[in-house]
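As the structure lists them, so they are numbered: ligands from 1, and atoms in each ligand from 1.
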Amino acid sequence: MVVLHQGPMLKRKSVAQSRNNSPANNASTLSRLHIDTSRLYRDSVGTEGVERSEIDALLPELRSVHQTITNGSAGGLEAEYACLTLHDTMPESLAPIEAMAEQLGRFENIAVIGIGGSSLGAKAVHQALDMEMSGASQPKLHFLENIDPRHLDRMLRNWDAEKTAVIAISKSGGTMETVSQYLILRSWLDKQLGTNKAREHQWLITDPSLGWLRELARREGLTSLSVPPRVGGRFSVLTAVGLLPLAVAGVDIRRLLAGSAANAARCTSDDPRDNPAMEMAALFYLLDVKRDKRLSVMMPYADPLQLFGDWYRQLWAESLGKRMESRPGKPPAGTLPVRAMGAVDQHSQLQMYLESRCDKIFTFMAIDDWEQNLPIPVSEADRKYFPYLENKRMLDVLEAEFRATVQVISEAGHPSMTLRLPRLDAYVLGQLIDLYQRATVYTGLLYGINPLDQPAVEKGKKLAMHLLGGGH
Ligand code: PA5
């Protein structure tokens, strides 16, 4: 699918754009994520790319997978693939989330405790939209994901308990990293405020009926929200797990869901040429099983998307890195997701990307319209050293670096795709989230594995518990 785009250096309107249709159509087209998969195909990148005939040969499987997803998405929150219809099911639950966000608005510091899928989505959107949020009157969110005693200790020394709240998030309600940090914060709040008042500073997001957190919410009458039981952690950013912290931070969560809905509407066809999530899945799957691509490098040319790369890394790895029980003798499923960053990794990883093994698929990301774009002042005296910087802005440099990397990677024969975000806002991020969640489910089903479970990680969790003196 080739999509023409205009980067910062090319702001002129095309004739087609000038003869636009309705203003509404124009607005949604302008906010649409631009997906260019052309460099994943052999006719563009050479032998390491996918032949269009290989996609044609996969059509029966693609249709069958599409049917499975369509059937498994019917039934709202009870459906197997409830994670793909949250833009339809969550709007009903937004009022309590927004009301709680308002209550939380009175605090200065909010510790958002959770790990993996109970943290990464909110963290990624929060980072991406940081500049968009008004800031001054909003509480400051502090994501406590990893165990870091120094970090937490410093926070507790500097925070005023009166102005501090905790949102503890765990679907299972008992994840060790989350529980231990929450217990420390609870005890600190208790000591500073007294037990009764401390309870008014705690919000829980967990399973509606099971687990320690749910039991605690019942026992102590703590305010809580539920994670839909059929929605797994890494697919839960569009539930209360992501929406409550994001609403507190001032993100327009309705636009986030609207963006997700817009991408879902773009992915209803059972033909990969009209369904970008399906096309991406087909291409990544074929590049793994037919071209031995084992790494999937996501390289945004935008600092605000750094944590989006972490969210993707977890979504892709935990969903797809599995033994294919149904295909004995075949290598395990999944391309290892790698997060890189443009332009800095041009000075770090790019050498290896270009000349080492041809075992990678690249996804380059860029933002078309940034609100800030400082001019680069080049004095008369410096002009002879940097004539190419004269009359340029920061984004001209970033865009040139982006295009140069896309081109050299392609000329070296590596398959790559580009995603251009028209701007960084909740609507565009919602599209991106839906695209990746959907593509992950399609890809998992193509491999013949269950993308929604994570059987292998349980063993390590149990062993850690055992090492701490707990039972098996
Ligand atoms: O995607 C997943 O299922 C995991 O990454 C979980 O989100 C993570 O292990 C945290 O689990 P919980 O929300 O139960 O604390």
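The ligand atoms of ligand 1 that sit less than 4.0 angstrom from a heavy atom of Ser118 are 7 (O), 12 (P), 13 (O). Residue Arg234 has at least one heavy-atom neighbour below 4.0 Å for each of these atoms of ligand 1: 1 (O), 2 (C), 3 (O).
For the residue pair Tyr353/Gln346, the side-chain donor-acceptor check at 3.5 Å is not satisfied. A donor atom on one side chain and an acceptor atom on the other are not found under 3.5 Å apart for Gln431 and Ser260.
Within a 6.0 Å sphere centred on CD of Glu102, other residues, nucleotides and ligands contribute 12 heavy atoms or fewer.
Of all protein heavy atoms, the one closest to atom 5 (O) of ligand 1 is Gln314 NE2, 2.5 Å. Protein heavy atom in closest approach to atom 6 (C) of ligand 1: Gly117 N, 3.9 Å. Closest protein heavy atom to atom 10 (C) of ligand 1: Ile115 O, 3.3 Å. Atom 12 (P) of ligand 1 has its closest protein heavy atom at Thr175 OG1, 3.3 Å. Here the heavy atom of the protein found nearest to atom 2 (C) of ligand 1 is Glu318 OE1, 3.1 Å.
Under the 30°/60° scheme for interplanar angles, the aromatic rings of Trp316 and Tyr312 are found to be tilted. Aromatic ring orientation, His142 versus Trp159: tilted (interplanar angle from 30° to 60°).
Of the options Gln454, Lys171, Lys461, Glu145, the smallest heavy-atom separation from atom 9 (O) of ligand 1 is shown by Lys461.
Ligand 1 has an N or O atom lying under 3.5 Å from an N or O atom of Ser170, backbone or side chain.
Residues passing the side chain to side chain donor-acceptor pair (under 3.5 Å) test with Asp270, sequence neighbours excluded: none.
Note that CD1 of Ile205 and CE of Met100 are 8.0 Å apart. Values are rounded to the nearest 0.5 Å.
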